[in-house]
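Proteins come first, then strands; the chains are lettered A, B, ... in the order of their sequence lines, and each starts at number 1. Excluded from the calculations below are hydrogen atoms, water molecules and symmetry mates; all remaining heavy atoms, backbone and side chain alike, are included.
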Amino acid sequence: MIRIENISRDWKEFKLMNINLEVEDDEYFVILGPSGSGKTMLLELIAGIWYPDSGKIYMNDKEVTLLPPEQRGVGFVYQNYMLFPHKNVFENIAFGLSIRKRKKEEIKTEVEGIMDLFGISHLANRMPRTLSGGEQQRTALARALIIYPKLLLMDEPLSALDRITREELIIEMKGINKKFDTTIIHVTHNFDEALALADRIAILRHGEISQVGDTTEIFRHPKDKFVADFVGVENIIAGTAREGGEKLTVINTGNILIYSVEQKEGNVHMTVRPEDITLSMEKVTTSARNVFKGQVKEIIDQGALIKLNIDVGEPLVVFLTRQSFLDMELNIGKMVWTYFKATAVHLF
Amino acid sequence: MRKLDHTTIFFVFMGSFLVLFILIPIANLMVSSNLNSIISNLQNSAVLGAIWVSVYSALIATILAVIFGVPLAYILARHDFAGKGFIESIIDVPIVIPHTVSGIALLLVFTSSGILGAPFNNLGITFVNALPGVVICMLFVSSSFVVNSAREGFENVDPRMEKVARTLGSGSMRTFFVISLPLSLRSIVVGSIMCWARAISEFGSIVILAYYPLAAPTIIYQQFENFSLSGATSISVILISLCLALFVVVRLLIRGWGVYDTD
């Protein structure tokens with residue numbers, strides 16, 4: 001659907017360097033990056049609001065690099081909605097159709113249909129400033145989608161909303177790409193949003209794409225420490241890796257030896273997801289390669305889950321359900337056994 | 001009742017000085033004028049003609065300022081470029097130089113042999129002691145009100161709103177007319193009123209470039225020079241009443257109109 005080749009642009013404090021991306025038809029693609037990474041500029045380049053210093057953009061195999069935005073058929077939704085303040089909700093949504101000189105009755109039917117879909121029919125005559133954040137964002141989505149854009153670009157569309165409204169909108173936005181037969185590129189700094197919505201994710205850092213992959217790939221196998229930190233991976237431990245026999249790599253952290261099935265040598269970072277670590281009070285025999293005894297250092301109640309910090313020579317974060325936490329009668333200072341498989345240890 | 005602290009009382013005391021300083025002469029002017037003299041002046045075709053010259057020329061000057069000033073304001077609001085500071089200063093220069101100096105400067109280029117006057121002279125338009133002269137004097141000294149106010153209006157329109165309109169299929173010119181302009185219209189109108197009011201009151205440069213046809217401030221000066229303080233006073237009252245009335249009417253018309261970001 002859209003192919004970005006070697007796009008670069010240097011403007012004020014923002015910089016994009018050799019961006020290459022390919023997004024498939026009807027895909028929900030999320031670009032994840034911290035603020036200042038150039039996410040908005042990348043979207044505005046795709047929309048045609050700016051032109052790149054170098055590189056090419058193709059839509060459906062047609063080059064659009066220098067095409068003005070009104071000829072691209074791209075929808076845009078901003079964080080602060082950018083509703084036209086002098087037009088009511090109906091007129092805002094109808095804007096794209098009025099520009100296309102569609103018949104009045106036709107516009108009315110279509111706008112009413114889409115307002116119904118987003119549950120905002122009762123707001124038709126309201127002015128934007130009287131709407132809540134969630135209502136404004138639904139209006140902005142409807143306004144962008146009513147022209148059935150081939151591509152919908154969203155710049156932090158949920159960041160200005162409170163948590164409950166955000167979760168409601170995530171549910172509504174899920175599958176919107178299929179419903180409107182549109183490809184979506186959504187940029188955000190919030191990993192949970194990406195996790196809930198994305199088919200694939202790209203990580204943008206300092207104007208460069210550092211990893212592209214589906215959600216599991218990014219989550220399970222962050223390519224570097226930045227991605228790992230950014231997507232909220234726990235248990236990142238540095239060490240030196242060497243060949244350990246039986247197709248295993250052994251990582252010496254300085255305090256403990258950890259086994260992994262991934263092949264790497266030299267200075268590495270390793271990570272193991274907290275949910276891949278099991279606990280027991282007494283030592284048990286399992287197939288897990290990595291077995292460590294450690295002391296509970298910290299207990300953090302996170303509601304449904306309890307987060308434990310266990311010192312096994314290196315600090316390990318482990319999650320327990322509330323029930324198993326109560327069953328194990330854990331408290332700070334207790335000694336426990338931790339187990340995780342060599343396949344659960346990712347090296348980078 | 002809210003208790004006023006010493007600071008507030010002191011500031012109100014100091015602040016009221018300027019209000020009274022402006023109010024007292026104007027109020028005194030209004031009450032000291034002779035009603036019969038006002039009525040006779042209102043029947044004097046020379047006086048009415050002079051007021052008409054001022055109001056009419058000021059209107060033309062304002063329309064010209066809007067036609068040329070709004071595009072300039074939009075450029076200044078949306079683009080950064082080398083020499084932008086220079087252009088901004090140029091626009092403000094007429095505010096800071098004495099108006100007689102403006103008059104001399106205009107006279108030098110707008111005489112029938114001047115670099116700007118000559119081409120217009122070929123088209124049959126002369127400026128010295130003619131209505132177009134009054135108009136350009138007014139345009140010169142008051143157009144900055146339109147530019148600065150319109151620019152402020154455009155700066156308050158989020159450029160991303162224009163970008164959204166573009167993606168929805170609206171070309172850049174159309175986006176300007178359906179999004180940017182309506183949202184800045186209030187600022188443009190306010191700037192135009194200021195421009196128009198300032199143009200009506202222009203005297204210094206008009207008296208040098210176009211003493212005739214007599215504009216209202218010029219005829220007041222003429223009366224005063226001819227030892228007729230009461231004549232000058234009553235014309236002043238007529239002019240000031242007219243200006244204030246129009247000012248109030250337009251302010252009432254635009255009250256609450258075009259303000260979208262507040263409740």
Side-chain angles (χ1 to χ4, degrees), chain A residues 11-12 40-41 43-50 67-88 91-102 127-131 139-157, chain B residues 66 70 73-85 149-192 253-263:
Chain A
W11 185 73
K12 292 191 175 170
T40 300
M41 192 161 82
L43 278 197
E44 293 189 342
L45 283 168
I46 297 171
I49 289 158
W50 309 110
L67 206 63
E70 61 270 23
Q71 291 172 26
R72 293 197 187 194
V74 167
F76 211 118
V77 173
Y78 277 106
Q79 176 179 359
N80 298 318
Y81 330 120
M82 292 298 137
L83 296 177
F84 307 133
H86 56 313
K87 295 176 183 292
N88 66 25
E91 292 162 341
N92 262 282
I93 298 173
F95 187 83
L97 299 178
S98 319
I99 291 286
R100 283 164 179 72
K101 305 230 185 304
R102 297 273 287 277
M127 296 306 274
R129 68 183 151 83
T130 69
L131 305 178
T139 308
L141 273 168
R143 178 179 65 178
L145 284 167
I146 202 160
I147 58 170
Y148 284 85
K150 290 175 282 182
L151 178 63
L152 177 63
L153 306 172
M154 295 197 273
D155 185 8
E156 300 270 8
Chain B
V66 169
V70 169
Y74 189 69
I75 293 289
L76 290 175
R78 283 289 178 271
H79 298 279
D80 279 320
F81 50 88
K84 184 174 170 179
S149 184
R151 178 192 171 159
E152 208 182 299
F154 289 132
E155 278 171 350
N156 286 330
V157 178
D158 196 315
R160 290 179 297 173
M161 216 165 318
E162 298 171 357
K163 293 172 186 173
V164 167
R166 297 285 303 277
T167 62
L168 288 168
S170 168
S172 48
M173 198 58 143
R174 182 157 187 175
T175 302
F176 175 80
F177 282 106
V178 298
I179 304 295
S180 327
L181 191 64
L183 290 175
S184 327
L185 201 54
R186 187 189 160 84
S187 296
I188 295 171
V189 171
V190 169
S192 305
L253 281 178
I254 63 166
R255 196 168 62 171
W257 162 67
V259 183
Y260 304 104
D261 49 355
T262 52
D263 286 297

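Partners of A:Thr40 under the side-chain hydrogen bond (donor to acceptor under 3.5 Å, both in side chains) rule, at least two apart in sequence or in another chain, are A:Asp155. With sequence neighbours excluded, no residue forms a side-chain hydrogen bond (donor to acceptor under 3.5 Å, both in side chains) with A:Tyr81. For A:Arg72, the side-chain hydrogen bond (donor to acceptor under 3.5 Å, both in side chains) criterion is met by no residue, not counting sequence neighbours.
Contact annotation for A:Glu44: only side-chain heavy atoms (C-beta onward) come within less than 4.5 Å of a heavy atom of chain B. Interface remark: A:Tyr78 contributes side-chain atoms only to the contact with chain B (heavy atom separation under 4.5 Å). For a residue to count as touching a neighbouring chain, one of its non-hydrogen atoms must lie under 4.5 Å from one of that chain's; by this rule A:Leu97 does not touch chain B. Of the two parts of A:Ala144, only the backbone, made up of N, CA, C and O, holds a non-hydrogen atom closer than 4.5 Å to a non-hydrogen atom of chain B. Of the atoms belonging to B:Val157, not a single heavy atom falls under 4.5 Å from chain A.
With a 6.0 Å radius and a threshold of 12 heavy atoms from other residues, nucleotides or ligands, B:Glu152 has its CD atom at or below the threshold.
Using a 4.5 Å cut-off between non-hydrogen atoms, the part of residues 161-173 of chain B that approaches chain A consists of B:Met161, B:Lys163, B:Val164, B:Ala165, B:Arg166, B:Thr167, B:Leu168, B:Gly169, B:Ser170, B:Gly171, B:Ser172.
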Full working for side-chain contact (heavy atoms from CB on, under 4.5 Å) between A:Thr139 and A:Ile93: CA-CA 7 Å; A:Thr139 308; A:Ile93 298 173; 3.9 Å; yes

Verdict with reasoning, A:Ile147 to A:Phe95, per side-chain contact (heavy atoms from CB on, under 4.5 Å): CA-CA 9 Å; A:Ile147 58 170; A:Phe95 187 83; over 6 Å; no

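Taking the six-membered ring for Trp and thresholds of 30 and 60 degrees, A:Trp11 and A:Trp50 have ring planes inclined between 30 and 60 degrees apart.
With hydrogens and angles ignored, the 3.5 Å screen pairs no side-chain donor or acceptor of A:Asn80 with any backbone N or O of A:Met82.
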